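Here's the structure we're looking at; comments come further down.
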Amino acid sequence: MFSPGWFHAGATEPDFNNVDIRTTQELTYEGYVTSDLNPTEMFIGRELEFNAMTKYFYTDRTLPKKRLSDTEMVEINGLYRVIGHDEQAVLMRWLVIIGLAVVGFCLASALLLLGRRTRELAAG
């Protein structure tokens with residue numbers, strides 16, 4: 001009997017570029033298991049797993065999670081790399097946008113100063 005519930009609160013965001021969920025898979029369930037969330041239901045422990053590096057995506061924490069096959073874990077690792085790449089791409093886009101904004105501000109300031117100086121020279 002697992003209590004309270006199947007999972008503690010919170011979850012760590014995986015390092016999508018480096019984590020290998022095959023190494024973080026925990027096979028802690030033995031025999032038949034249940035939880036205080038659903039005490040009238042029994043689950044076969046060898047069919048279940050806990051993985052801290054997939055918990056970040058759990059939306060239903062009222063039931064235990066199915067043990068993933070090697071093929072499924074390799075596929076998830078690949079998807080994690082896509083997420084990691086996209087996170088880096090978003091960061092690079094923001095850095096480019098910020099850089100362009102700074103350059104634009106500097107150019108606008110230079111044009112304003114040049115215009116002011118040109119008017120001063122023409123007047124004086």
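For clarity, every value in this text was computed on a predicted model and none was experimentally measured.
Note that CG of Leu113 and OG1 of Thr118 are 10.5 Å apart. Values are rounded to the nearest 0.5 Å. Atoms CZ and OG1, on Phe50 and Thr24 in that order, are 9.0 Å from each other to the nearest 0.5 Å.
When side chains are defined from C-beta on, Arg119 counts as touching Arg116, because their heavy atoms get closer than 4.5 Å. Between Val74 and Arg22 there is a side-chain heavy-atom pair separated by less than 4.5 Å.
In this pair, Phe43 and Trp6 present their aromatic rings perpendicular. The plane angle is above 60°, beyond the 30 to 60° band.
The main-chain N or O of Met42 is never found under 3.5 Å from a side-chain atom of Thr34 such that the two would form a donor-acceptor pair. In this structure, the side chain of Asn77 engages the main chain of Ile21 through a donor-acceptor pair within 3.5 Å.
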**OP:** Could you give me the CA-CA distance, side-chain angles and deciding distance for Tyr80 and Thr54, then say whether side chain to side chain contact (heavy atoms under 4.5 Å, CB included) is met?
**Re:** CA-CA 10 Å; Tyr80 276 17; Thr54 59; 3.8 Å; yes
Original post:
Could you walk me through whether Asn51 and Leu68 pass the side chain to side chain contact (heavy atoms under 4.5 Å, CB included) check?
Top reply: CA-CA 10 Å; Asn51 197 320; Leu68 297 173; 5.6 Å; no
**OP:** Could you walk me through whether Tyr32 and Ile44 pass the side chain to side chain contact (heavy atoms under 4.5 Å, CB included) test, one step at a time?
**Re:** CA-CA 5 Å; Tyr32 293 94; Ile44 301 170; 3.7 Å; yes
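Pro14 and Val19 make their closest contact through CB-CG1, 4.1 Å (heavy atoms, listed as atom of the first residue, atom of the second, distance). Smallest separation of non-hydrogen atoms from Ser35 and Gly5: OG-CA, 3.5 Å. Minimum heavy-atom separation, Asn17 to Arg81: O-NE, 3.3 Å. The minimum heavy-atom distance linking Glu41 with Leu63 is given by the pair OE1-CD2, 4.5 Å. Annotation for Leu48 and Leu27: closest pair O-CD2, 4.0 Å, computed over non-hydrogen atoms.
The number of heavy atoms from other shown groups lying within 6.0 Å of CD (Glu30) does not exceed 12. Residue-environment remark: CD (Glu75) stays at or below the threshold of 12 foreign heavy atoms within 6.0 Å.
For the side-chain hydrogen bond (donor to acceptor under 3.5 Å, both in side chains) with Glu49, the lone residue among Arg67, Gln25, Lys65 that qualifies is Gln25.
Phe16 is connected to Met73 through a chain of hydrophobic side-chain contacts under 4.5 Å among Ile, Leu, Val, Met, Phe, Trp and Tyr, so both are in one cluster. When the side chains of ILVMFWY residues are joined at heavy-atom separations under 4.5 Å, either directly or via intervening members, Tyr58 and Leu37 end up in a single hydrophobic cluster. Note: the hydrophobic cluster containing Phe57 also contains Met53 (ILVMFWY, side chain heavy atoms under 4.5 Å, direct or indirect links). A continuous path of Ile, Leu, Val, Met, Phe, Trp and Tyr side chains, each step under 4.5 Å between heavy atoms, connects Ile83 with Tyr56, placing both in one hydrophobic cluster.
Note that Lys55 lies outside the cation-pi zone of Phe7, set by a 6.0 Å cut-off to the ring centre and a 45° limit from the axis.
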